[in-house]
Protein chains: 2
Amino acid sequence: MTVRQAAHVLELLEYFARRRRPATLSEVAQDLGWPRSSTFNLLGTLAERGYLYEPRARDGYYPTPRLLALAQSIAEAEPLPEALTTLLRELVGETGETAAIAASAGTSAVFIEVCESLKPVRYFAQAGLRMPIHITSCGRAILSQYRPPERAAVLRRVTYERFGPSTPMSAAEVEAEIRHSLERGWFQNLAEFSQDLCGVSLPLPLAGRQLALVVAGPISRMQDRIPALAARMRRGLERALPAGG
Amino acid sequence: MTVRQAAHVLELLEYFARRRRPATLSEVAQDLGWPRSSTFNLLGTLAERGYLYEPRARDGYYPTPRLLALAQSIAEAEPLPEALTTLLRELVGETGETAAIAASAGTSAVFIEVCESLKPVRYFAQAGLRMPIHITSCGRAILSQYRPPERAAVLRRVTYERFGPSTPMSAAEVEAEIRHSLERGWFQNLAEFSQDLCGVSLPLPLAGRQLALVVAGPISRMQDRIPALAARMRRGLERALPAGG
DNA sequence: CTGTGGTGTTCACATGTATGGACAAAAAGA
DNA sequence: TCTTTTTGTCCATACATGTGAACACCACAG
């Protein structure tokens, strides 16, 4: 079950992040397609808690910096090492493709840090992007770090839907692909999830966290250089995290 | 009407901001006093949208940096000049009291930037703190910048509740206090809202925004130096915003 | 291996809430 | 100035949703 009004809060914040200026009740209602009365209640609730204010009289509401303080406090607590974000930038520079760090969320993989390629045709992604954990290179790189029973539990809850000809359709197939990848030394995904998308990933254990490093881009540019990319990523990881893994 | 689940989202984020480490479903449910099933739905909704992830397998959820990206995008759009935040720090250093920038939100004044005093007894405040607009020095400093009909509209919607012996109990009294303050050259509040609290404020018009600069602290430390504080604040503003008002 | 305590998940129904409609107040237009 | 349109606010009720209770699963202890 999805909690509608919780989702609406996020939608509203995203709306302001796009808009970047105050919005009146009517504007919000119109742009987000909500009834005016509901919008009234929602804005009122956020304002009541000190998350919205009026920069100018009668010119609409805008979020207070309170949200920023909140987010900063949250983000500072589980920081990624500087060296890793540097590595992402390096990889984008050298490979020309989008690089990211991924973690799990239920049966999904989520990007928690992204550095986008600058090419006109590229993998468009941002922090928070979710994808099925079992049919992405980074998802399987994460799963490979789980203990067998934990991994089995996740794979049991996954829904096996066909996105393309190579999409694995059972827990066994995913397990096999993970075994194969571990032997090979890297994880990959050739259009299993999205038609033109190819990803290369490495497991990234960090202070007990099961993360993954991933480079992804259009299949046409990626296909022929997967081993080279994987080697480059491994070298980068070894330099960034000398502790080894 | 208050939108319960919208408030719950904020509560949850505040919870993580305090906690600064992942929390399992049960922990959230227990700490926030929510039913487990409701907590399940709420966490699911946020995770589904990419705002929560699992840093470690089976060790609970934590917000993704997506929230930070959102908040940064929002905050960058309506920035306060660097000079103003510097001024707040200066004022705290010189006066020893808490300094802040306030704006309006309906019939409330809201702090949008705070620099807290370091003294053991002090005015404890943070960005997002709300208070009635008509019985605080900063609220009236904001109102003084409104056009008369706009101000009248706000004062009509205010509820006049007695917090202390000097609390104004009608729109007329508030209007009179504003007139008086404009002549005097500063706005002040002596225990109108909170028993031990004294505030001194100046209007702060900035790019069409109706803000206020405020210094506040315990009445015992403030009372005898209000004119001096006001003068110091005025000098600071003139230096920080040479454009004048 | 079996029992025990805890955790995540599902579902039907009672409960609380989203919303259409009505109103008031303020802009905009005539 | 008077009308028209738009905006914010309030409210009762139909309806969506939060939740208690039951279940399945895992981890640990005995």
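Between the NE2 atom of H8(B) and the P atom of dT19(D) there is a distance of 7 Å, rounded to whole Å. Remark: P of dA18(C) and CG of L12(A) are 14 Å apart, rounded to the nearest angstrom. What separates CG of N41(A) from C1' of dC11(D) is a distance of 11 Å, to the nearest Å. One atom, CG of L25(B), and another, P of dC25(D), lie 18 Å apart when rounded to the nearest Å. Separating the CG atom of L43(B) from the C1' atom of dT9(C) is a distance of 13 Å, rounded to the nearest angstrom. Rounded to an integer number of Å, the gap from Y61(A) OH to dT9(D) C1' is 12 Å. Here the P atom of nucleotide dT19(C) and the CH2 atom of W34(A) are 10 Å apart, to the nearest Å. When rounded to the nearest whole Å, the span between CG of L42(B) and P of dT9(C) equals 14 Å.
Under 3.5 Å, the side chain of S37(B) and the base of dG20(D) form at least one donor-acceptor pair of N or O atoms.
Applying the 4.0 Å criterion to OP1 and OP2 of dT19(C), one finds that R4(A) has a side-chain N or O inside that range. For the pair R156(B) and dA26(C), the criterion of a side-chain N or O lying under 4.0 Å from OP1 or OP2 is met. Of the side-chain N and O atoms in Q5(A), none sit less than 4.0 angstrom from OP1 or OP2 of dT17(C). For dG18(D), the OP1/OP2 oxygens have no side-chain nitrogen or oxygen of R36(B) closer than 4.0 Å. For the OP1/OP2 pair of dG8(D) and a distance below 4.0 Å, the side-chain nitrogens and oxygens of S26(A) include at least one atom meeting the criterion. When the side-chain nitrogen and oxygen atoms of R147(B) are compared with OP1 and OP2 of dA26(C), none of them lie within a distance under 4.0 Å. Side-chain N/O atoms of R58(A) include none lying less than 4.0 angstrom from OP1 or OP2 on dG8(D).
The environment of CD in Q30(B) is sparse: at most 12 heavy-atom neighbours from other residues, nucleotides or ligands sit within 6.0 Å.
Note that NE2 of H134(B) is 8.0 Å distant from CG of L155(B), once rounded to the nearest 0.5 Å. Atom CZ in R66(B) sits 4.0 Å away from atom OH in Y51(B) (nearest 0.5 Å). In this structure, CG on L67(B) lies 7.5 Å from CG on L13(A), to the nearest 0.5 angstrom.
Counted by atom type alone, S104(A) and Y146(A) present one or more donor-acceptor pairs between their side chains at under 3.5 Å.
Closest-nucleotide positions on DNA chain C for A153(B) and T24(B) were compared, and the one nearer the 5' end corresponds to T24(B). Where F40(A) and P35(B) each meet DNA chain D at their nearest nucleotide, the meeting point lying more 5' is that of F40(A).
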